[in-house]
Amino acid sequence: MFAFNSCTNDINNVKNNNDPNAKQVLATGNDLVSVISGGFNTWWQAGNRDTYPALSVAGDIATCSWGNYGMRVLSNEPRNAIPNTNSWSDSRVLEQPWSGYYSAASGASDVIKAIQNGVKYKVDNVDQTNSILASAYFLRGVSFGYLGLLFDKAAIIDENTDATIKPVLSSYKDVIAAALADLNRSITLSSANTFTLPANFINGYTLDNNKLLRLANSYSARFIVQGARTQTETNAVDWAKVKTFAQNGIQNDFGPLGDNGTNWWSNVVLLSSSPNGFQESGGRLDMRIINLMDPSQPMFYPSVNSIANPQITTTDNRINTDFDFDSTVYFRSARGKYHFSHYISKRYITDDNFSDGSDNKRLITFAKADNDMLLAEANARLSSLSSAITIINNGTRVTRGHLAPLSNSATQQQVLDAIFYERYVELFNTAVGGGFFDRRRTNQLQKGTFRHFPIPASILQVLGEKLYTFGGATNDPTGMVPHYNLENNPTRLDDTNIPTFN
């Protein structure tokens, strides 16, 4: 829709073939199933390819100096602006989620319109149209949700959108509101109907009305919380609403089974020592997380002197099960030793239910622990500290980390610290942008880090809009002021200019 991938410069003169084609393609119930099935895979690929490692290193969750997938450009210290140009070799970091999520949302809108026009889906002569309608609203909702999480603005489309008219761009808050509205429609339909969706919607994960209902609730909680751009916006979140959504959220890890790199795979593979990725040269656990696990470790790898004792001391069992120590660092010193780390993810080896991103195990994209921590945080911010502490102590902090239970006398800040510890350690490599969004909403991104993506340059040109970008320690230290000064700060090679946080 909107010729977002077209080369035309005159969008208002584009012939609208969308409706006639939709009527021809979406004539039967099986057609509806095919579009939604393809839409879910398109949605998956939109965020789990080039964008995945880029956000991880920009948010100081993982660290990597290689030039692939925008990792070196977007993790430079001091930070540079996103080079939002058609000539940027890694422009797919922006283009893949934009085009992919719109493709999924557009297909969902076509299905919704076809159903409104009378197309039915029947199973053994029993009308199951509402199951497809619920999944279409869910698909469009999670697509809008990620557009709202990732971009500063986007166009809100629905089944009545005229593709020949230049779209109106809405703020990320309005885009997330549209996502929540669609997810609420899915919740209503899933609550009122009993169904099991076709098995090919999400590889290895069969959706029924109860699972779809819980997923819609969890994603609603995620989008509300992680859509915040600053600590001020986080404080203003309707935490009572988040609590309700999370209480009704998932009770098991959600994600597709990998298909050995064919359609259902993820570039999380690059952030581990997986033989399918960069092996021991892969993206590593950032020093800021290592510092959380062992405060005696530096928050930034020293540029001149070596770390006295690079093996950390912690009672957290996950240092044994999830991460592997490597005395050798394979990154290039000339690109900045701040990229260095001695720990790399190996959970895909030790956990039968955790994928490396390119095998046939579960690719966790919404962990139960994530929903648990959203619920715990809602309780903590609503001053229900005892409830929050109970959730934390019944969760991965104790069951996988083997850490001491949080004291019942813990303060609100101590509770929140424990929650974010789990979000950074337990949820490492489990969701596109997860740690980045958490750092953003708590003012913990490095100075000059973009807080959201600009609309890709190729799309701005199609729409006839002025080029802009975000970030850069000099021109946009807050990461939220649109500009087009593509500064090129050289990599710091010493420890005289340690980054600060917003």
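A quick note: this is a predicted structure, and the numbers were derived from the prediction, not measured. What you see below is based on every heavy atom in this structure, not just the backbone, and it leaves out hydrogens, waters and symmetry mates. Heads up: numbering here begins at 1 and tracks the sequence.
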Could you walk me through whether Trp44 and Thr365 satisfy the side-chain contact (heavy atoms from CB on, under 4.5 Å) test, starting with their C-alpha distance in whole Å, then the side-chain angles of each, then the deciding distance to 0.1 Å, before giving a yes or no? CA-CA 10 Å; Trp44 172 259; Thr365 193; 3.7 Å; yes
Salt bridge (Lys or Arg N to Asp or Glu O under 4.0 Å) assessment of Arg397 paired with Asp417: CA-CA 12 Å; Arg397 172 187 174 88; Asp417 288 346; over 6 Å; no
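Centroid-to-centroid, the aromatic rings of Tyr343 and Phe323 stay 6.0 Å apart or farther. Residues Trp66 and Phe331 place their aromatic rings such that the two centres sit under 6.0 Å apart. Residues Phe436 and Phe450 bring their aromatic ring centres within 6.0 Å. Under the 6.0 Å cut-off for aromatic ring centres, Phe340 and Tyr301 qualify, their centroids lying closer than that. Between Tyr424 and Tyr421, the ring center distance fails the sub-6.0 Å criterion.
Formation of a donor-acceptor pair under 3.5 Å by the Asn80 side chain with backbone atoms of Asn489 is found in this model. A distance-only check finds no donor-acceptor pair linking the side chain of Thr314 to the backbone of Asp294 [under 3.5 Å]. A distance-only check finds a donor-acceptor pair linking the side chain of Gln297 to the backbone of Asn309 [under 3.5 Å].
Residue-environment remark: NZ (Lys361) exceeds the threshold of 12 foreign heavy atoms within 6.0 Å. With a 6.0 Å radius and a threshold of 12 heavy atoms from other residues, nucleotides or ligands, Arg92 has its CZ atom at or below the threshold.
Aromatic ring orientation, Tyr146 versus Tyr219: perpendicular (interplanar angle above 60°, classes split at 30° and 60°). Ring-plane geometry between Phe40 and Trp43 is classed as perpendicular, the angle between the planes exceeding 60 degrees on a 0 to 90 degree scale with a lower cut at 30. Taking the six-membered ring for Trp and thresholds of 30 and 60 degrees, Phe470 and Tyr468 have ring planes more than 60 degrees apart, a perpendicular arrangement.
Thr469 and Asn84 form no side-chain donor-acceptor contact under 3.5 Å, judged by distance and modelled atom types alone. Judged by distance alone, the side chains of Arg439 and Asn502 never bring a donor and an acceptor atom under 3.5 Å apart.
Distance check: Met299 CE to Ile498 CD1 gives 10.5 Å after rounding to the nearest 0.5 Å. Taking CG from Asp253 and CD1 from Ile364, the interatomic distance works out to 4.0 Å, rounded to the nearest 0.5 Å. Note that the CD1 atom of Ile61 and the OG atom of Ser56 stand 6.0 Å from one another [nearest 0.5 Å]. Going from atom OG of Ser281 over to atom CD1 of Ile344 covers 7.5 Å, rounded to the nearest 0.5 Å.
Residues Ile202 and Phe254 meet the side-chain proximity criterion, which asks for heavy atoms closer than 4.5 Å. In this structure, Leu147 and Trp98 have side chains that are in contact, with non-hydrogen atoms separated by less than 4.5 Å. Under the 4.5 Å side-chain criterion, counting only non-hydrogen atoms from C-beta, Trp265 is not in contact with Asn48. Under the 4.5 Å side-chain criterion, counting only non-hydrogen atoms from C-beta, Pro499 is in contact with Phe300. The shortest distance between side-chain heavy atoms of His452 and Lys153 does not fall below 4.5 Å. By the 4.5 Å heavy-atom criterion applied to side chains, His402 and Asn320 are not counted as neighbours. Considering only heavy atoms from C-beta on, Asn248 stays 4.5 Å or farther from Leu213 through its side chain. Put simply, the side chain of His339 does not reach to within 4.5 Å of the side chain of Cys64, judged on heavy atoms.
One finds a salt bridge joining Arg318 and Glu422 here, because a Lys/Arg side-chain nitrogen approaches an Asp/Glu carboxylate oxygen to under 4.0 Å. Electrostatic pairing of Arg72 and Glu77 does not count as a salt bridge here, judged by no charged N lying under 4.0 Å from a carboxylate O. Ion pairing of Glu233 with Arg440 is absent here, as no side-chain N (NZ or NE/NH1/NH2) approaches a carboxylate O to less than 4.0 Å. Using a cutoff of 4.0 Å between basic side-chain nitrogens and carboxylate oxygens, Arg185 and Asp182 are scored as salt-bridged.
Heavy-atom minimum distance, Val268 versus Gly357: CG1-CA, 3.4 Å. Of all non-hydrogen atoms in Tyr348 and Ser355, the two that sit nearest each other are CB-C, 3.8 Å.
Pairs of residues two or more places apart, or lying in two chains, that qualify as side chain to side chain donor-acceptor pair (under 3.5 Å) and include a residue from residues 322-333 are Arg284-Asp326, Asp322-Arg400.
Applying the side-chain hydrogen bond (donor to acceptor under 3.5 Å, both in side chains) criterion to Asn41, with sequence neighbours excluded, gives Gln45.
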Donor-acceptor pairs under 3.5 angstrom involving side-chain atoms of residues 367-376: please list them, not counting sequence neighbours.
from, atom 1, to, atom 2, distance (Å)
Lys368, NZ, Asp372, OD1, 3.3
Lys368, NZ, Asp372, OD2, 2.9
Asp370, OD1, Arg423, NH1, 3.1
Asp370, OD1, Arg423, NH2, 2.9
Asp370, OD2, Arg222, NH2, 2.9
Asn371, OD1, Ser218, OG, 2.7
Asn371, ND2, Ala246, O, 3.0

